[in-house]
Amino acid sequence: MTEVDPKEYEVNFFKEEGFIRKKCKIGGEYFWTLNESLDTCQDAPCVEYWFDKISSIRNLSVSDSRKIFLMFFKKRGHEVLRPRPVVARWREDLYLTIASIVVFQPHVTSGIVPPPANPLVISQPSIRLEDIDNVGLTIGRHLTTFEMAAHHAFNYPNKRIYWKDETVRYAFEFFTKELRIPKDLIVFKESWWEGGGNAGPCFEVAVGGLELATLVFMQYSIEGKEYRPLPLKIVDTGYGIERISWFTKKTPTAFHAIYGNLLERFRNIIGLERPEEEILWAAFRAAGRLDPESPESIVNYYRKVAEIGNYELKYVKDVLSSEAKLYSVLDHTKTIALMLADGIVPSNSGEGYLARLVIRRALRQLSLLGFDGDLADLVDLQIGYWADNFKQLKEQRNYIIEAVILESKKFRELLRKGRKEIRKLVKMKGSLDVEDLVRLYDSKGLPPEIVAEESRKFNVEVDIPHNFYSLVASRHKAPARLKTVGKVVKLPEDIKKWASQFRLTELLFHKDPYLRKFTAKVLGIKDRYLVLDSTAFYPKGGGQDYDKGYIMINGRRILVNEVYKIDGVVVHVLETPIDIPKGLNVIGVIDWYRRFKLMRHHTATHIILGAARRVLGRHIWQAGAEKSEEKGRLDITHHKPLNKDDLRKIEELANMVIDDRREVRTYIINRNEAEDKYGFSLYQGGVPMEPRLRIVEIKNWDVEACFGTHVRNTAEVGSIKIIKSERIQDGVVRLEFVAGPRVAEVLTNAENRLDALAKELGASHGHELKRVQSLKRRLDSMEKIVEEYRRLWIRTLKKNALKVGAFSLVIFEPLEHTSEAIQEVLRQLTKEDNVVAIAVIKENQKTRFEIALGQGILSKINVNRIVEKIKEEIGGKGGGKGGRASILIPRIISNDKARDLFVNILKEI
RNA sequence: GGGCCGGUAGCUCAGCCUGGAAGAGCGCUCGGCUUGCACCCGAGAGGCCCCGGGUUCAAAUCCCGGCCGGUCCA
């Protein structure tokens, strides 16, 4: 933490109430308290947990805690906001919602879009995976999934809502009045918060060893090493709903408070013995001081637990590490359910990988607990347990279960193959080192614990280094980059710069997508690049290709070849450079035939997406799309390849929507209103940074924020034919389709290809298949005949062999020049022991000798001696090994000469 | 997105480092043994060694590019 001005933490409320500022004797941080004798900050790891001793008459479940929190702030003028998905669809730089503030970044925090309400209160389910290894061990301090309850106030320069003083008052009032915590036990610890390029002072509110809330005052942007005051000052608070529940329930672990009876159900299903309450309370006492990052601290923790309860150390370790696994399974299964419910498809990259990661960690913990049942059953219990809190779980249950089953199957398969690999490695090497462990995990996905377990079966002990996962990470030098929108505009840099000076182009195609001809004023022309004050030419973007057409200047037509948009300015790329004075009016005409096809393909994309979501499930999201004149392409997220039946259903449904003649409306509305009304499935093709969104709505079918041009009614699409579907990545399926007149064109093309094939085969229509089958049969029999002849020929060759000393020399010019055939003949000839077989192959003014020796004479002759002799006699390059060699002579050698050559060589040997 | 691993018979894989006759086990077909089945014994069929290029007299093997699959990512 950098040096912070203590004034940042001076709050009127503290003065009024008589709070005093003290310094923690352990951690050294300053904190505010009403209790003069307090000398520690009351936060882990400076003190142990002791909040169980604080008398409080409340006993709040997670759901009660949330309700109380929201109500408290609602009564104090805050509007209650519905929670957002745990998948941050509106963020380009983040996969998961890691905090409530993420909901408002970057559009609200940067000042572009006003907040949906001000002040507001929200309880946002959040997922953080960076501490996934510590879940369970710390008995509840770390969770991958938690609800961050927050009251936010956005203070604009001309509109103040509330700031530090009010925030602290609210927190204090909430804790003392709602949770009925004695005033003098609440500690406000001074701290500093930084994240997402912003920073500010904060108070961490801790009671009895447990941090219950953080009150952040976002007021700086970090630029390089400097902090610059932000115009927008944001109250960003975070109250841990699960911690509040734990605090009031006073259970030995947070998991007992969060999951209630589900914990014992999981325990029974997994078959883990229930430990005595005392050891858990001993753990509770010691866990506050536990630093999970330090192996010594973990050892000390176990020692302390043993000491408190007078247990044997090994017993403590066994019980608590099993408990930790049970707790992380509880935590992970909830996370899995929430992630999948919001439509993540497990895969090997992006957010899909994060889902796979959590699923695999859960499977691993279960396997280490010796559980051989189905993870999906446990996830299903979570769905039931949380169904009233998160209705998306119930709605998406089928998909969630199916995805978990599929992932479990993949992991089992991976382990099965992996175990074989481990066995092989252990047998070969006799031991495994760290390098092996890292390699097995990194490239095969085999967790070190599983490797150790497997190799133990062969009495090979493996040491798993404490820093194993950072070793793996160090092999990945390049940091994992997050999703980015690829806005590739093919224009020279100087043109981009030049274009951005103009005012925004009026987009006529948005007002009227059917406009074909327009008049506009020239704002600038440079070389072949033209900027107008308004245009009907659609620039490449939103997956839709640009329009083509021409510009009329003084009765001359100049083709428009490409169109791009730079920061709201449309740049027309002309066929040739021209010189036109600024301010001149020109007529633009777009290639309507092309445009109309693009429009139809674009609307078709929306129709198909809607159909796919209905046929396959709500986890279907657009992962990319492109519409050209020829075809449309839509990539969707899905966990398995589509079968014929899926495709047929999607196509049928899509065509049904066309036949339905549904209205396609485009309109601009307020962003907050749009999100509220239609949800985040609006953002299929990226997230525009605009306060107002252009919405394309196909009535009762599909609503998306979209920049493209669309037909007015689905009937205009004509018809849709899906021409191809392929899995392009793990978790992504690509659909290719045509619409309108392209359907007939594609079919005509297919017909033409079939015609050409029929003609080539000499078959009449409809008999192509039979013809190919009979040709195949004929080819087979021909091959057999060739084989017969080859055998016959070999027999003749053998008969005509020359006797040279002990050897039998067969020298021949092969009839077939394929190397397989030559090798086959040589193989047959050298089945007899004393044979020296030579194939003489002449081509391209070169002669190649393929030499093969019979088994029985291998000990007498070295093929390379023959090769050397040939080199001496007539030159050439070559060599060989065993009974085979080949040599190439760069000229034609007659058969007679070759025979004499080999006869002489064999005589000499 | 990036790193790493892999692609050889229907399946599971060996061979690749160190270039020179394409292999094993299972499965399949036929035959033997057997009342029949299983086991066992014998014989056989089955390969664009992922694709393209390069190096070389010679590439499954070495090099480059691509495609496909797997896996991991502080």
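Each chain gets a letter, A, B and so on, in the order the sequences are listed, and its residues count up from 1.
- Within the 4.0 angstrom heavy-atom criterion, base atoms lie near A:G880.
- Residue A:R356 places at least one side-chain N or O closer than 4.0 Å to OP1 or OP2 of B:rU71.
- Residue side chain A:D442 reaches the base of B:rG3 through a donor-acceptor N/O pair under 3.5 Å, judged by distance alone.
- Base-pair partner of B:rG36: not found among the strands shown (Watson-Crick or G-U wobble, both distances under 3.5 Å).
- Base pairing analysis places B:rC57 opposite B:rG20; the two distances defining the Watson-Crick or G-U wobble pair are each below 3.5 Å.
- Of the possible polar contacts, one joining the A:R89 side chain to the A:D342 backbone as a donor-acceptor pair under 3.5 Å is found.
- Ring pair A:W90/A:Y683: centre-to-centre distance not below 6.0 Å.
- Across all strands shown, B:rG1 pairs with B:rC73; the Watson-Crick or G-U wobble distances both stay below 3.5 Å.
- Among the nucleotides B:rC57, B:rA22, B:rU71, the one closest to the side chain of A:L888 is B:rC57.
- Residue A:L826 is classed as having no contact, given no heavy-atom separation below 4.0 Å to the nucleic acid.
- Rounded to the nearest Å, the gap between the P atom of B:rG46 and that of B:rA24 is 14 Å.
- Under a cutoff of 6.0 Å and an axis angle of 45°, A:R361 and A:Y469 form a cation-pi pair.
- A donor N or O paired with an acceptor N or O is not found under 3.5 Å between the base of B:rC72 and the side-chain atoms of A:S443.
- Between atom CG of residue A:D442 and atom CD of residue A:E435 there is a gap of 9.5 Å, rounded to the nearest 0.5 Å.
- For B:rA14, there is no paired nucleotide, since no Watson-Crick or G-U wobble pair has both relevant distances below 3.5 Å.
- For A:N348, taking side-chain heavy atoms from C-beta onward, the closest of the listed nucleotides B:rA58, B:rC72, B:rA21 is B:rC72.
- Between B:rU12 and A:R416, no contact under 4.0 Å exists linking OP1 or OP2 to a side-chain N or O.
- Between A:K424 and B:rA14 there is a side-chain polar atom (N or O) within less than 4.0 angstrom of OP1 or OP2.
- At least one donor-acceptor pair closer than 3.5 Å links the side chain of A:S470 to the backbone N or O of A:N467.
- Counting non-hydrogen atoms under 4.0 angstrom, A:I889 reaches nothing in the nucleic acid.
- Residue-level contact check: A:G879 touches the bases, meaning some heavy atom is under 4.0 Å from a base atom.
- Taking only side-chain nitrogens and oxygens, A:R727 comes nearer than 4.0 Å to OP1 or OP2 of B:rG69.
- Distances from the side chain of A:K417 to the nucleotides B:rC13, B:rU71, B:rC57 place B:rC13 closest.
- Among the heavy atoms of the strands, none lies under 4.0 Å from A:S470.
- With a cut-off of 3.5 Å on both pairing distances, B:rG27 has no Watson-Crick or G-U wobble partner at all.
- We find the OG-CG distance between A:S431 and A:D436 to be 7.5 Å, quoted to the nearest 0.5 Å.
- Taking side-chain N and O atoms only, A:R439 has no distance below 4.0 Å to OP1 or OP2 of B:rU71.
- A gap of 13 Å separates the C1' atoms of B:rG53 and B:rA59, to the nearest Å.
- Of the candidates B:rA22, B:rA58, B:rC5, B:rA22 carries the atom nearest the A:Q823 side chain, counting heavy atoms from C-beta on.
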